[in-house]
Amino acid sequence: MKIVIAHPNAATGERWCHELSQRLPQAQVRSWPTDCSEADYAIAWKPADDFFQRLRIGKTLFCAGAGVDHLLRLPGLPAQLPLVRVEDAGMGIQMVHYCVLEALRVHRRDDDYARQQRERTWHELDYESPAAFTIGVFGIGALGAQVAQALRALGFTVIGYSRSPRELDGVRCYSGDTGLTEFLARSRMLVLLAPHTPDTENFFNQRRLAMLPNGAWLVNAARGALVVEQDLLAALDCGALAGATLDVFHTEPLPTQHPFWTHPRVRVTPHCAAATVIDETAAQIAGKIEQLERGEPVSGLVDRRRGY
Ligand code: GLV
């Protein structure tokens, strides 16, 4: 069995090869680019544009991360090739921590207290019950559902929005156009955790950002493409939004001249909210390869029409 690993970072690619070879000793595991033009399985993260022209993948392509948007956009992706995404594998807990950190910072007015300290001001700000601070989670799939439950366990009122109707314990879930209006109007903090698809691209434009309550906070830990950056800047500049925590951007790395870097209401992190945990993910993928070799179905199969 031949497995090819394609990762833009050569050292990371080598780690993947090592982890996979340990778990599937019978397989020939190679790091891309290799001298082979065929493989049974490939595991890829943002491979070069000519990847599918140069490699024929016989059985299944695995994405080395949760979001498969980069692979679906790549020229020459064979129409019938099954594509499988990572399911949690250590990402959920990272996403929970990232979003909880932001929720607590905003709710406990961390920025205000930091400013007061710089000014040597001793002043206790008003406290609001977390139940009165509603957090909206846009995208309640594998990661979003975990984030919603963790925020709920901290006493926040949590609401969710998904493309198709869903149910989550203790979380009011919305879907559809009418659902969106109420969902956004209630979200004092909006956490984006939906995939980048044709439906979500530039979804958060001027009109939809204006549907949030005045002074809301945006957290984008999904994909930069979900938000129209100029519209977000305008909403921050006029104070309609109190702030934004952004982990993902239209262009990554974020260009050094980009206004987000120095904007007083923006917190920037370098797409680190939830990294692929290589050993856990390799174990998950190796397990799925074994299932496929036995002729069994696997979970995490991407529906190309939905885009995730
Ligand atoms: C990271 O952004 C991922 O999709 O895994």
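Counting starts at 1 for both ligands and their atoms, following the listed order.
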F203 six-ring face occupied by R208 cation (under 6.0 Å, within 45°):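 Yes - R208 lies over the ring of F203, closer than 6.0 Å to its centre and within 45° of its axis.
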
Under the side-chain hydrogen bond (donor to acceptor under 3.5 Å, both in side chains) test, residues paired with E87 that sit two or more places apart: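 With sequence neighbours excluded, E87 shows a side-chain hydrogen bond (donor to acceptor under 3.5 Å, both in side chains) to K288, S299, given in chain and number order.
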
N/O donor to acceptor pairs below 3.5 angstrom from side-chain atoms of residues 47-66, sequence neighbours left out:
unit_1	atom_1	unit_2	atom_2	d
D50	OD2	R54	NH1	3.3
K59	NZ	E293	OE2	2.9

Within 6.0 angstrom of R115 CZ, more than 12 heavy atoms from elsewhere: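 Count over threshold, so yes.
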
For E182, side chain to side chain contact (heavy atoms under 4.5 Å, CB included) partners two or more places apart: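 E182 satisfies side chain to side chain contact (heavy atoms under 4.5 Å, CB included) with R172, Y174, R186 only.
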
Near ligand 1, at a heavy-atom separation below 4.0 Å: residues by chain and residue number: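 The 4.0 Å shell around ligand 1 contains W45, G65, A66, G67, M91, R223, H271.
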
Identified salt bridge (charged side-chain N to carboxylate O under 4.0 Å, His left out) counterpart of D199 within the set R163, R306, R305: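 Passing option: R163.
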
